[in-house]
2 protein chains.
Amino acid sequence: MNLPATAKKFIVHWGEMGARWGINRSVAQIHALLYLSPQPLPADEIAETLAIARSNVSVGLKELQGWGLVRATQTLGDRRDHFETSADVWDLFRVIIRERKRRELDPTLTVLRECVAEAKASESKQLPHLDERLEAMLEFMELADAWGERATRLAPKNLRRLAKLGDSIFKLAE
Amino acid sequence: MNLPATAKKFIVHWGEMGARWGINRSVAQIHALLYLSPQPLPADEIAETLAIARSNVSVGLKELQGWGLVRATQTLGDRRDHFETSADVWDLFRVIIRERKRRELDPTLTVLRECVAEAKASESKQLPHLDERLEAMLEFMELADAWGERATRLAPKNLRRLAKLGDSIFKLAE
DNA sequence: TCATAATTTCTGTAATTTCTGAAATGTTGT
DNA sequence: ACAACATTTCAGAAATTACAGAAATTATGA
């Protein structure tokens with residue numbers, strides 16, 4: 001596909017953003033392209049459009065499917081899989097939160113709980129406040145975890161609605 | 001400094017987490033060590049404790065100072081700078097949000113606004129919904145930006161208070 | 001069953017990032 | 001001004017990551 005300049009700009013920027021957040025540049029670009037596409041795309045068209053090797057697209061799509069961000073669809077008269085992502089940014093947000101929570105927050109909570117238990121058991125001379133610091137971090141992560149859990153449960157529409165309530169929510173805490 | 005096993009575990013895990021979020025592993029480890037330390041540490045002690053080159057510590061500390069996460073302090077009778085970070089996780093959170101907003105969200109908003117303007121000006125045949133998709137993304141980013149801005153303004157204590165209101169906040173959107 | 005198409009896995013190369021140790025620069029006290 | 005200490009810069013080495021193309025595998029239809 002020959003992309004309009006605007007689409008190219010968005011896809012390139014999306015790739016850069018992904019890279020800053022620990023997502024492979026090509027993977028982020030594939031996702032950006034699918035987000036803009038009105039219909040599911042076959043892997044070879046993605047490869048051609050983004051000018052990356054077909055094999056890379058295969059790996060990238062697997063990765064995105066692993067995140068639950070992309071799914072394969074089939075059409076009559078074409079043996080190739082066609083890939084699509086959700087057109088709803090709030091849905092994408094929800095999925096990303098869910099996965100990062102599962103992959104990063106949950107293991108961190110496990111480690112922190114172990115650390116807190118150990119730190120309480122044995123006081124250290126070099127680091128007298130070790131337990132306090134770890135407990136504070138644990139509390140933070142548990143709250144983040146709870147927010148992630150709730151965001152995951154909420155329907156995309158309600159998530160958007162909640163986001164728009166920003167001002168009144170922050171007034172609760174002033 | 002000879003670290004207790006628990007501290008090592010935390011620092012190593014923190015380094016891994018950082019790496020997943022686009023922060024250099026050593027930089028994240030330096031920050032973790034400073035977070036656990038009851039007093040500011042000189043660069044050579046950081047290097048020795050984490051077993052990384054002194055020059056590397058220098059670069060890492062500069063990076064952390066650039067984020068506003070670490071500052072140098074001086075003590076009488078010691079020419080060396082001693083480095084410290086905030087012991088308040090909510091303060092750290094606030095600083096990180098502020099910087100990521102400045103470095104990533106704000107430039108993204110700029111690009112997206114340009115993209116939306118271009119997309120409205122010229123309809124594309126291949127991507128008929130380009131403008132809608134870009135506008136939806138822009139709305140999302142603007143809301144994220146507004147939340148970041150408010151979080152940045154709030155005092156750490158109030159941020160914590162707000163985080164603890166999680167349940168009642170999410171009820172607003174059900 | 002066989003030929004063809006589609007996809008994935010694998011392997012080596014290229015590019016990037018991270019890190020070290022040496023050299024250069026800056027700072028402090030005598 | 002000089003010596004001692006402290007820090008930063010820099011160039012190259014080491015490690016990691018990303019990528020392309022070939023080979024292998026899997027699926028489809030005749």
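This structure is a prediction, so every number in the text was calculated from the model and none was measured. Throughout, a chain's letter reflects where its sequence line sits, starting with A, and its residues are numbered from 1.
Aromatic ring pairs are classed by plane angle as parallel below 30°, tilted from 30° to 60° and perpendicular above 60°; the pair A/F93 and A/W90 is perpendicular. Aromatic ring orientation, A/W21 versus B/W21: perpendicular (interplanar angle above 60°, classes split at 30° and 60°).
At whole-Å resolution of the value, CG in A/L50 and C1' in D/dA18 are 15 Å apart. When rounded to the nearest whole Å, the span between CD of B/E63 and C1' of D/dT9 equals 16 Å. Here D/dT28 presents its C1' atom at 14 Å from CG of A/L76, a figure rounded to the nearest Å. If you measure from atom CD of A/Q74 to atom P of D/dG29, you get 12 Å, rounded to the nearest angstrom. We find that CD1 of B/I30 is positioned 13 Å from P of D/dT7, with the value rounded to whole Å. As rounded to whole Å, 14 Å separates atom C1' of C/dT17 from atom CD1 of B/I23. Atom pair B/I52:CD1 and D/dA14:P shows a separation of 19 Å (rounding to whole Å applied). If you take CG of B/L64 and P of D/dT8, they are 13 Å apart, rounded to a whole angstrom.
The main-chain N or O of B/E104 is found under 3.5 Å from a side-chain atom of B/T108 such that the two form a donor-acceptor pair.
Put simply, A/S26 has a side-chain N or O that comes within less than 4.0 Å of OP1 or OP2 on D/dC19. OP1 and OP2 of D/dC10 both lie 4.0 Å or more from every side-chain N or O belonging to B/S55.
Nearest nucleotide to the side chain of A/R79, out of C/dT4, D/dA18, C/dG21: C/dT4. The side chain of B/S58 sits closest to D/dT8 out of C/dT8, D/dT8, D/dA20. Side-chain proximity of B/N56 to D/dA22, D/dC19, C/dT20: nearest is C/dT20. For B/D78, whose side chain is taken as the heavy atoms from C-beta onward, the closest listed nucleotide among D/dA6, D/dA20, C/dG21 is D/dA6. For A/N24, the listed nucleotide lying nearest its side chain is D/dC19; candidates were D/dC19, D/dA20, C/dT7.
If B/V59 and A/K62 are placed on DNA chain C by their nearest nucleotide, the residue sitting closer to the 5' end is A/K62.
Heavy atoms of B/R54 sit under 4.0 angstrom from at least one base atom. B/D44 comes within 4.0 angstrom of nothing in the nucleic acid, heavy atoms only. Residue-level contact check: A/R80 touches the backbone only, with heavy atoms under 4.0 Å from sugar-phosphate atoms and none from bases.
Between A/W147 and B/F170, the distance separating the two ring centers is shorter than 6.0 angstrom.
Of the candidates A/L33, A/V70, A/V95, A/I30, A/V70 is the only one forming a side chain to side chain contact (heavy atoms under 4.5 Å, CB included) with A/T85.
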